[in-house]
**Q** 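To start, I am sharing the structure in question, which I have written as structure tokens.
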There are 2 protein chains.
Amino acid sequence: MAQRNSVVMVGLDPVYEKLPASLRQAAEGRGLPGFGGELWAIREFCERVIEAAGPLACCFKPQIAFFERYGSAGIAVLEEVLRGHRDHIFVVDCKRGDIGSTSEAYAKAYFHLEGQPEAPLACDAVTHNPYLGRDSIDPYLPYLRADKGMFLLAKTSNPSSVDFQDLIVGDIPLAERVAERISVWAEECIGDCGFSSIGMVVGATYPESALVIRKAAPRCLILVPGLETQGGSLDDARHFANLHGRGAVFNFARAIIYAYAGGPVAGQFGPEQWAECIGAAADYYRHRLNTALGL
Amino acid sequence: MAQRNSVVMVGLDPVYEKLPASLRQAAEGRGLPGFGGELWAIREFCERVIEAAGPLACCFKPQIAFFERYGSAGIAVLEEVLRGHRDHIFVVDCKRGDIGSTSEAYAKAYFHLEGQPEAPLACDAVTHNPYLGRDSIDPYLPYLRADKGMFLLAKTSNPSSVDFQDLIVGDIPLAERVAERISVWAEECIGDCGFSSIGMVVGATYPESALVIRKAAPRCLILVPGLETQGGSLDDARHFANLHGRGAVFNFARAIIYAYAGGPVAGQFGPEQWAECIGAAADYYRHRLNTALGL
């Protein structure tokens, strides 16, 4: 965040039907069998997004579902994307979370320590679903104490997050109780920057939760999904950050990667300039957030 | 369950180090690069387990983490296993669960409707983490109303499930509140057999939760992990079933697939008869459960 002067995380959520028309035409022209054309286009798209937005973003968040949707062939594309860009930070949004022995297997998919064989989906951080409790994260601790990170879901950005995350436990919502517990676990892996390698997810659509959680977990980085496209407002961004405007990273997926299809910068670019448009959108949100947070 | 006279689900949790020594030697003898040898052995092992236990089990539950651990190459092995055995029922234990647009992508990885292109990981049912609430399952409904199924986590079998699932909401634990809500959703897809295609997971290690949840959700099939190896007792099996001994399916992973390494039937077989031993273990638990449930 400091190096790039940016708290913008770019969500890599590639959906073939939404890719630029010229890219889809090029993919169809290749005459690849099965989903080969779609996957070629998705790979190409991710490369161009990373090239255009890379210098303006602090990190990328590939949502693995959009690759897993194609099975092993899709996962192979994600592996290539991750392997090709070790100069950027990648948070794989996989929301895994399982019993200890199983979580150990998941951890090996994403993380390795120095000197160990490279993990197939080697990345810098993952998201994690906390419903199974503490033993689901224990196998990740050796990695979290080295140079890897994890964002646990506290309050998610979707409308139905109210179903369970807002249930009242004692006198506070479950999401806040979960955040309290995560904050305690986070104390075990505080890094030189003062923040823990255990962070959490709090949706931009629930700024009132953010106010409470930010106070309860001062050492946790907060990953904030849901700004703009899902209805979260840039004006509320400061609720997720600390007094110095630090400690929060804001994910933009559709608002940046499909910026050419509409939004604040779309009008400045022709249809062939879709990559430039993506870069401009990343820069637009970088400036807006830096201003909102006083950075 | 009726066709095979079995409520045994066999968990496919292949861990290379635990595979039979002869199989590991054969794998090493092939001189494949990278994880090729391990994956060859895992593929072979799954085939032999399915062959040996197939007639004695009502279904198989591959835990995707043990394949994902190898990245796309591991997922490709799982795809081959699933594709090769359409005569068996497969519940892929993936515990995905995300916001609506993302859940839609996950659903396409595992399910397709008749006449649609085959899903890459096509299977009969998946497990699902409910923390994100109702809109995380909405994209699955067309499939659930056809011939697919889903088991949502209510109370998991691991020790740390107490961390959040036992928090008191109103006057009952969160897991029971989640189960109540799942039971309401389940009413939307009741099949000819009287059970819903939306079921839930309740760990064998918490039979007291099962008693409550079974009553609250009579139409839900309960997937019960954690018998034997994790400490759940066969004597409590009836707490998970209805009055007729129906409605519960019991997963055995290590207790069956590594039966040759120890357990009630290990002594009857030599080291080369590991597949026969796996079949015998499946039959042993089939009989034990049928007796316990009065089937």
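Convention: sequence-line order gives letters A, B, ...; per-chain numbering from 1.
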**Q** If we only count heavy atoms from C-beta on, is the Val169(A) to Ile168(B) side-chain gap below 4.5 Å?
**A** no
**Q** So what's closer than 4.5 Å to chain A heavy atoms on Phe66(B): side chain, backbone, both or neither?
**A** both
**Q** Rounded to the nearest 0.5 Å, what's the gap from OH on Tyr110(A) to CZ on Arg69(B)? Could you check?
**A** 12.5 Å
**Q** Side chain, backbone, both or neither: which part of Thr102(B) has a heavy atom under 4.5 Å from chain A?
**A** both
**Q** For Leu153(B), is it the side chain, the backbone, both or neither that has a heavy atom under 4.5 Å from a heavy atom of chain A?
**A** both
**Q** Check whether Pro130(B) gets within reach of chain A through its side chain, its backbone, both or neither, counting any heavy atom under 4.5 Å.
**A** both
**Q** Between Phe67(B) and chain A, with a heavy-atom cut-off of 4.5 Å, which part of the residue counts as in contact: side chain, backbone, both or neither?
**A** neither
**Q** Heavy-atom distance under 4.5 Å to chain A: side chain of Glu79(B), backbone, both or neither?
**A** side chain
**Q** Let me know if Gln230(B) has heavy atoms under 4.5 Å from chain A in its side chain, its backbone, both or neither.
**A** side chain
**Q** Mark yes or no for whether Asn158(B), through its side chain, and Leu132(A), through its backbone, hold a donor-acceptor pair below 3.5 Å.
**A** yes
**Q** Heavy-atom distances under 4.5 Å only: say whether Arg134(B) touches chain A with side chain, backbone, both or neither.
**A** both
**Q** Counting distance only, does the side-chain N/O of Ser160(B) pair as donor-acceptor with the main-chain N or O of Gly133(A) below 3.5 Å?
**A** no
